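Read through the structure below, which is laid out as structure tokens, and then see the notes.
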Amino acid sequence: MDRTEATARLSQLIGADLRQMADYYGITVWKQEKINKGWAGHVIERCLGLPLNSSRAPNFGSWELKLISLKRTSGGNLKVKETMAITMIDPVEVMAKEFEESHLYNKLRKALIVARVFESCLEDHSIIHSVSDFDLDKHEVFELVKDDYNIVRQTLITSGFEALTGRMGKLVQPRTKGQGHGTTSRAFYARTHFVAHIIGLETHPLLNDPSI
DNA sequence: CTATGATCATCC
DNA sequence: GGATGATCATAG
């Protein structure tokens with residue numbers, strides 16, 4: 001299955017309740033008191049008939065699945081709830097490669113974004129809101145992401161891996177991630193405004209393209 | 001144990 | 001309420 005077909009299949013899922021699907025596929029949403037943070041993604045993968053793949057480079061895959069959640073504002077509108085993890089930062093690779101050759105760029109180009117609506121902490125229901133892909137074709141977006149990549153790259157070269165902080169980047173930020181017990185690593189995260197733009201929820205202030 | 005995806009907790 | 005850093009579940 002290629003990216004186009006996957007998009008078509010996923011589009012048919014818009015409006016479906018992921019919670020009920022999780023029950024159907026026997027996927028754990030809650031394990032005792034702990035939530036399975038990857039449950040929604042697993043449901044989608046199972047639905048498409050894909051193996052649960054956690055590999056960094058999907059073997060034959062020409063595309064990649066990403067899941068994000070939306071929340072309701074007090075006004076009743078939908079908003080991006082969280083930033084989105086894109087890919088791990090390999091300092092050696094980042095320092096060696098230009099943005100156009102980077103893993104970050106390739107990953108973004110292959111990604112399909114599925115937005116789901118976060119109803120409550122109980123996760124009683126979770127409706128699929130939209131399916132999108134990155135429009136790095138848009139010049140402004142491409143340049144801004146590239147700028148962020150170069151900031152990270154320069155920081156790695158001049159100050160080292162430890163100097164990276166989540167405060168960097170306009171659309172994409174380097175952020176700590178990891179098991180959390182000593183082993184530290186970092187990943188690229190898409191900021192909420194960036195994600196909102198990608199899924200067509202709102203226009204990013206930094207992007208003044210009227211056609212968006 | 002580590003890598004990965006995604007969310008939670010805490011600080012401001 | 002939003003941003004930054006930390007944690008949890010699962011696979012290899």
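Computed from heavy atoms alone, side chains included, the values below leave out hydrogens, waters and symmetry copies. The structure displayed is predicted, hence computed values, not measured ones.
- When each of C:dG5, B:dA6, B:dG5 is scored by its nearest atom to the side-chain atoms of A:R175, the top-ranked nucleotide is C:dG5.
- Here C:dA3 presents its C1' atom at 17 Å from NZ of A:K170, a figure rounded to the nearest Å.
- Using bins of under 30°, 30° to 60° and over 60° for the plane-to-plane angle, the ring pair A:F99/A:Y105 lands in the tilted bin.
- Distance from the side chain of A:H193 is smallest for C:dA3 among the nucleotides C:dA3, B:dT7, B:dG5.
- Using a 4.5 Å cut-off between side-chain heavy atoms of Ile, Leu, Val, Met, Phe, Trp and Tyr, with links allowed through other members, A:I68 and A:I198 fall into the same hydrophobic cluster.
- Comparing B:dT7, C:dG5, C:dG2 by their closest approach to the side chain of A:Y189 singles out B:dT7.
- Distances shorter than 4.0 Å separate some side-chain N or O of A:T165 from OP1 or OP2 on C:dG5.
- Counting to the nearest Å, the C1' atom of B:dA6 and the CE atom of A:M84 are 11 Å from each other.
- One atom, NZ of A:K110, and another, P of B:dG5, lie 13 Å apart when rounded to the nearest Å.
- Connection of A:L144 to A:I151 is established within a shared hydrophobic cluster, with ILVMFWY side chains joined at heavy-atom distances below 4.5 Å, either directly or through further cluster members.
- Atoms NE2 and OG1, from A:H103 and A:T87 in turn, are 4.0 Å apart once rounded to the nearest 0.5 Å.
- No engagement by A:S185 is indicated, since no non-hydrogen atom pair under 4.0 Å with the nucleic acid exists.
- With sequence neighbours left out, A:E98 forms a side-chain hydrogen bond (donor to acceptor under 3.5 Å, both in side chains) with A:R153.
- For A:E162, there are no side-chain hydrogen bond (donor to acceptor under 3.5 Å, both in side chains) partners at least two apart in sequence or on another chain.
- A:R175 CZ to A:K177 NZ: the interatomic distance, rounded to the nearest 0.5 Å, is 10.5 Å.
- Distances from the side chain of A:R116 to the nucleotides B:dT7, B:dA6, C:dT4 place B:dT7 closest.
- The side chain of A:E82 sits closest to B:dC8 out of B:dC8, C:dA3, B:dA6.
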Should A:S126 and A:R116 be marked as a side-chain hydrogen bond (donor to acceptor under 3.5 Å, both in side chains) after you check the CA-CA gap, both sets of side-chain angles, and the distance that decides it?
-> CA-CA 6 Å; A:S126 195; A:R116 59 178 258 259; 2.8 Å; yes

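- Taking side-chain N and O atoms only, A:R191 has no distance below 4.0 Å to OP1 or OP2 of C:dG2.
- Listed nucleotides: B:dT7, C:dT4, B:dT4. Nearest to the side chain of A:K177: B:dT4.
- Rounding to whole angstrom units, CG of residue A:L67 and P of B:dC8 are separated by 13 Å.
- The CD1 atom of A:I89 sits 14 Å away from the C1' atom of C:dT4 (whole-angstrom rounding).
- Each end of the helix from B:dC1-C:dG12 to B:dC12-C:dG1 gets its own rotation axis from five pairs of C1' atoms, and the angle between them is 30° to the nearest 10 degrees.
- The nearest whole Å value for the distance from the CZ atom in A:R167 to the P atom in C:dA3 is 14 Å.
- Among the nucleotides B:dA6, B:dT7, B:dC8, the one closest to the side chain of A:K81 is B:dC8.
- A:T83 has no side-chain polar atom (N or O) that falls below the 4.0 Å cut-off from OP1 or OP2 of C:dT4.
- Side-chain nitrogen and oxygen atoms of A:Q173 include none within less than 4.0 Å of the OP1 or OP2 phosphate oxygen of C:dA3.
- Closest to the side chain of A:K71, from the set C:dT4, C:dA3, C:dG2, is C:dG2.
- The nearest whole Å value for the distance from the CD atom in A:E162 to the C1' atom in C:dG5 is 13 Å.
- The distance from atom CZ of A:R186 to atom P of B:dT4 is 15 Å, rounded to the nearest whole Å.
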